[in-house]
Amino acid sequence: MSSLSEGHTSNHPHSGHGYRHFAPPDFLSLQDQVPDSYLWPQLDDNSSLNFTDPKVSVPVVDLSDPNVVNLVGRACQEWGVFQITNHGIPMGLIKETESEARRLFSLPIEQKLKTLRPPDGSNGYGLARITQFFDKKMWHEGFTIIGSPVDDARKLWPDNYTSFCDRIEEYQKKMKELTGRIKRLILGSLGLTTEEDLKLAGLGPSGEFIEGWKSALQLNNYPSCPNPNRAMGLAPHTDTSLFTILSQGDISGLQIFREGLEWVTVPPVPGAFVVNAGDLLQILSNGRIRTVIHRVLVNQAYNRISMAYFYTPTPNTQIKPFSHLVEPGDVPRYRSMLWEEYTKIKAKHLHKALSLVSNMEQIETQSSKPN
Ligand SMILES: O=C(O)CCC(=O)C(=O)O
Ligand SMILES: [Fe+2]
């Protein structure tokens, strides 16, 4: 074990299982000195990019606006990311779910490690999945919930797991409803109406959900950091999902990469969610909507919590661009494949995944990744 930087490796139930290096460290023990393995090249000073000019800031869409379909359509095609207000999810539920997440991450490391996500597993406590692609480590710990939170919650709080589970389950239910609503708005903005296209996006002929699509709720914790100019909360990546609905609370940190502007901060708007397009939306929309490169910065004063809800098909779903968006006689920009195939390519090639499934000669996604 090399010094402080190697995460927490002793006295925990998985220390004999050979995947202890997948465990986040005890950040409390790193507060005095940030280990070199967490020091990235100096991050640029982005203060000038905290725009308030609506022409150069991430759009905020009021879901009660009568013109909402057009607003969502424009936001998707111009930015691939927008914030939503008047979405109907009670502020109380968002705050309570966030405080359950905070309670989880405040547990002693030994307790959190009882739910450590195995390398081939999907649920539980652990590092960001993109960790392996970067030389430096991230100032972040996560907790992934797919389906019921009960098994892991029991390990964390054997006598008192219901308040966590109740809140998470209610939040998942509301996120699922909101997902349906946003999906119908995006498809509407693309002019999709045929049964085949709706089905590709997981909707039945009258816009109802087709069972089988999956969701994952990812709780993220970014402890306050003594060296925020050199530490990275979450390295640049795109989400693999159709889209992601993110609650970022009151503390800024999320930035998106925009050609010509570089890194743009997504300013927290109280009670709003950030919706960002993922790789699948780029594929299905035949490149009309582009997946969004984003990263998270940390700060010295606050511990930041975010909650990301990802929405994806099941592994054996066939995916390909909507026929409506491929001009007659044109080759679709992306080839047809099983969702499972795409997720495997992404897990292996990260930033290059979209260009690897492209039918076009040109590189479809950033070949040189920004930092
Ligand atoms: O914490 C955030 O603001 C973003 C989190 C994120 O990008 C993710 O979980 O994929
Ligand atoms: Fe993300």
Side-chain angles (χ1 to χ4, degrees), residues 24 27 43 46 50 58 79-84 94 97-98 101-102 104-105 117 122-134 138-146 171-172 175 179 214-225 228 231-258 263-282 290-299 302-312 343 346-347 350-351 353-354 365-366 369-371:
F27 282 102
L43 301 168
N46 294 287
N50 291 319
V58 173
W79 284 82
V81 55
F82 52 100
Q83 308 211 52
I84 51 171
I94 304 171
T97 315
E98 187 183 311
R102 200 171 291 278
L104 186 161
F105 290 116
R117 195 180 69 229
S122 50
N123 277 38
Y125 178 66
L127 299 170
R129 281 181 184 71
I130 54 174
T131 301
Q132 65 187 92
F133 292 98
F134 298 89
M138 296 169 223
W139 202 257
H140 164 272
E141 55 185 341
F143 190 87
T144 313
I145 305 163
I146 298 177
Y171 191 80
Q172 286 171 318
M175 283 298 113
T179 293
K214 294 202 310 179
S215 64
L217 178 60
Q218 168 79 20
L219 309 177
N220 295 306
N221 188 41
Y222 310 90
S224 57
C225 178
M232 179 76 85
L234 214 50
H237 67 280
T238 63
D239 294 344
T240 311
S241 56
L242 183 67
F243 55 78
T244 304
I245 305 179
L246 176 89
S247 166
Q248 66 161 340
D250 303 327
I251 301 179
S252 84
L254 175 65
Q255 297 189 318
I256 59 145
F257 187 78
R258 187 142 167 93
W263 291 105
V264 178
T265 297
V266 183
V269 172
F273 291 103
V274 180
V275 178
N276 68 269
D279 298 358
L280 179 57
L281 191 50
Q282 179 163 334
R290 298 181 69 85
T291 189
V292 179
I293 306 169
H294 53 287
R295 71 177 184 183
V296 178
L297 302 184
V298 294
N299 73 83
Y302 303 104
N303 181 126
R304 179 175 182 271
I305 300 258
S306 74
M307 308 187 286
Y309 185 85
F310 305 98
Y311 183 63
T312 55
T343 55
K346 180 78 184 263
L350 197 69
H351 297 286
L354 279 174
T365 185
Q366 59 295 325
K369 59 180 194 282
N371 275 314

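Atoms within a ligand are numbered from 1 in the order they appear, just like the ligands themselves.
- In this structure, R117 contributes its side chain and L127 its backbone to a donor-acceptor pair below 3.5 Å.
- Listed by chain and residue number, nothing satisfies the ring pair (Phe, Tyr, Trp, His ring centres under 6.0 Å) test with F310 (two or more places apart in sequence, or in another chain).
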Could you check ligand 1 for N or O atoms lying under 3.5 Å from protein N or O atoms and list the pairs with distances?
{"unit_1": "ligand 1", "atom_1": "1 (O)", "unit_2": "Y222", "atom_2": "OH", "d": "2.7"}
{"unit_1": "ligand 1", "atom_1": "1 (O)", "unit_2": "R304", "atom_2": "NH1", "d": "3.0"}
{"unit_1": "ligand 1", "atom_1": "1 (O)", "unit_2": "S306", "atom_2": "OG", "d": "2.6"}
{"unit_1": "ligand 1", "atom_1": "3 (O)", "unit_2": "R304", "atom_2": "NH1", "d": "3.2"}
{"unit_1": "ligand 1", "atom_1": "3 (O)", "unit_2": "R304", "atom_2": "NH2", "d": "2.8"}
{"unit_1": "ligand 1", "atom_1": "7 (O)", "unit_2": "H237", "atom_2": "NE2", "d": "3.2"}
{"unit_1": "ligand 1", "atom_1": "7 (O)", "unit_2": "H294", "atom_2": "NE2", "d": "3.0"}
{"unit_1": "ligand 1", "atom_1": "9 (O)", "unit_2": "N220", "atom_2": "ND2", "d": "3.1"}
{"unit_1": "ligand 1", "atom_1": "10 (O)", "unit_2": "H237", "atom_2": "NE2", "d": "3.2"}
{"unit_1": "ligand 1", "atom_1": "10 (O)", "unit_2": "D239", "atom_2": "OD1", "d": "3.3"}

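- Classification of the F257-W263 ring pair by plane angle, with boundaries at 30° and 60°, yields perpendicular.
- Under the rule for a ring pair (Phe, Tyr, Trp, His ring centres under 6.0 Å), F243 has no partner lying at least two apart in sequence or in another chain.
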When you look at L280 and Y311, which way does the side chain to side chain contact (heavy atoms under 4.5 Å, CB included) test go after all the steps?
CA-CA 10 Å; L280 179 57; Y311 183 63; over 6 Å; no

Do R304 and V296 pass the side chain to side chain contact (heavy atoms under 4.5 Å, CB included) test, and can you show the C-alpha distance, the side-chain angles, and the key distance before you say yes or no?
CA-CA 10 Å; R304 179 175 182 271; V296 178; 3.4 Å; yes

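- Q218 and T144 are linked by a side-chain donor-acceptor pair at a separation below 3.5 angstrom, with hydrogens and angles left out of the test.
- Protein N/O/S atoms closer than 2.8 Å to the Fe ion (ligand 2): H237 NE2, D239 OD1, H294 NE2.
- Within the 3.5 Å criterion, the main-chain N or O of V266 finds no donor-acceptor partner in the side chain of Q83.
- Between H140 and Y222, the ring planes are tilted. Angles from 30° to 60° get that label.
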